[in-house]
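Structure first, then comments.
Lettering follows sequence order; numbering is per chain, from 1.
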Amino acid sequence: MHEFSIVSSIVDAVQEFGEKHEAKKILEVRLAIGKLTHLQLEQLKFCYTAITKATALEGSTLEIEEVDAEAACPLCSYRGAPKFWEGALNFMPVPTLQCPMCGNATDAIKGNECAIKSVKYAG
Amino acid sequence: MIEHVEAAPDEIYDIELEKSLLDANAKLAKENRAILDELGITALDFMGAIGSGKTTLIGKLVGKLKDRCGIAVFNGDATTTNDADLIAREGTQVVQIATVNGCHLDANLVQKAFRKIDLKNLDLIFIENIGNLICPAEFPLGSKSRIVVVSVTEGPYMVKKHGHMFLGADVVVINKIDLAAAMEVSVEDLTRDVHTLKPSIKVIPTSCKNGSGLDEVIAALSPIWNGSDA
């Protein structure tokens, strides 16, 4: 349940941003969350509603943009979607670091994002 | 009546921020790594479920290595000093890092632990993360390598179920293999699952109970602290 600590840092960052920009009201916070993170989006939204109460962010909407994973192979120079594990037990595809072209280990170059993209506010 | 203000459309601003929320921890992790590199110390982060055998494995490794190099152990635990007490019997410096019910260690807590020990004459710091297969992955600590400890008693599907955890690991220890037959769990299948997720991971089956595989763990980890596999 580290969504709680992530949302706490959102509140801190946006409050600081709001003070700097002399925002009267924060209207919307947009996040980019990579699909390789372990963050559960419903829990993020739930924590957001709970934690923002009585802060400058109360009543604002949280928009989450999911970022697809991307892998790069140092051996065969493949760059693109990771290989997904077919036949695992999961109801959703499991991304792997196996190169879809040559089978070697790839590096994840996208998919670990966890960032505030933008803030919409009334000034 | 609560006062409120409403912005006119021309008073609404949409500003790009691009602020990473994991940056604060990542920055501290880099600081930790720099502190350790400066002193020639290698930190290894052991992650895994509760009961997988992280503490026992670390205790056994300390027992085998303590005459050869200077070791300290940081034991992350939500509430108890149980694990630190067990490791302290090996006669090494131990710091209990209590997360007070937090689900993972972070770089700040590790940095605070540095201040509790004498870093001089140390070669290795073993960091035992909180027993959790999800949250610790997001929080680097400054270690040179991350090790996941799984055990056959967690069942045949644990690697498939927690795939994400293995993507950031360099070494996987499959522990309690002495119980594999009784558990009807195939060590080969678990190994194959790990390699499906990440072909470059070293997988080492162990039994901390009878000592099998422990020398292989040391052989797999020693290139990391000797610098040839950093």
Side-chain angles (χ1 to χ4, degrees), chain A residues 1-10 12-14 16-17 20-21 23-25 27-33 35-40 59 69 82-83 85-90 93-99 102-108 111-123, chain B residues 2-26 99 101-106 108 130 132-140 155-170 192-202:
Chain A
M1 188 55 180
H2 57 305
E3 283 77 5
F4 194 86
S5 48
I6 296 290
V7 175
S8 300
S9 27
I10 296 174
D12 290 347
V14 175
E16 196 187 311
F17 171 91
K20 201 173 119 197
H21 289 81
K24 291 197 185 98
K25 189 167 170 44
L27 302 172
E28 186 181 277
V29 176
R30 262 188 237 116
L31 304 183
I33 303 292
K35 286 188 179 171
L36 290 179
T37 68
H38 298 229
L39 293 165
Q40 219 281 327
K83 183 175 178 177
W85 188 350
E86 306 293 337
L89 307 161
N90 313 52
V94 181
T96 77
L97 288 181
Q98 205 180 114
C99 177
C102 74
N104 241 280
T106 58
D107 300 316
N112 286 310
E113 294 76 6
C114 173
I116 302 172
K117 291 290 285 182
S118 64
V119 177
K120 197 192 261 186
Y121 67 94
Chain B
I2 298 166
E3 287 202 63
H4 79 286
V5 288
E6 218 158 86
D10 63 342
E11 290 173 318
I12 292 176
Y13 304 89
D14 201 347
I15 307 276
E16 300 263 318
L17 196 56
E18 291 292 347
K19 183 178 173 57
S20 169
L21 295 163
L22 297 168
D23 262 4
N25 184 74
T99 59
N101 297 323
C103 55
H104 58 269
L105 290 184
D106 61 36
N108 175 50
I130 303 295
N132 182 327
L133 279 165
I134 298 173
C135 309
E138 228 89 71
F139 296 87
Y157 309 119
M158 77 79 60
V159 177
K160 286 179 175 163
K161 286 183 180 183
H162 293 279
H164 274 65
M165 192 67 185
F166 297 88
L167 301 183
D170 306 299
R192 199 190 52 229
D193 288 350
V194 172
H195 284 145
T196 301
L197 287 164
K198 189 176 176 182
S200 57
I201 296 188
K202 286 179 192 161

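- Heavy atoms closer than 4.5 Å to chain A are found in both the backbone and the side chain of B:D193.
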Side chain to side chain contact (heavy atoms under 4.5 Å, CB included) between A:I6 and B:L22: does it pass, once the steps are laid out?
CA-CA 8 Å; A:I6 296 290; B:L22 297 168; 3.5 Å; yes

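- The two residues B:L105 and B:I130 have their closest heavy-atom pair at N-CG1, 4.0 Å.
- The part of B:H104 that comes within reach of chain A is its side chain, from C-beta onward, which places non-hydrogen atoms under 4.5 angstrom from that chain.
- Ring-centre distance between A:H21 and A:Y121: below the 6.0 Å cut-off.
- Residue A:P95 touches chain B through both its backbone and its side chain, counting heavy-atom pairs closer than 4.5 Å.
- Only the side chain of B:F139 comes within contact range of chain A, judged by heavy atoms closer than 4.5 Å.
- Residues A:G103 and A:Q98 come closest through the heavy atom pair O-CG, 3.5 Å.
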Walk me through whether A:T37 and B:E138 qualify under side chain to side chain contact (heavy atoms under 4.5 Å, CB included).
CA-CA 7 Å; A:T37 68; B:E138 228 89 71; 3.5 Å; yes

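- Of the atoms belonging to B:E16, heavy atoms from both backbone and side chain fall under 4.5 Å from chain A.
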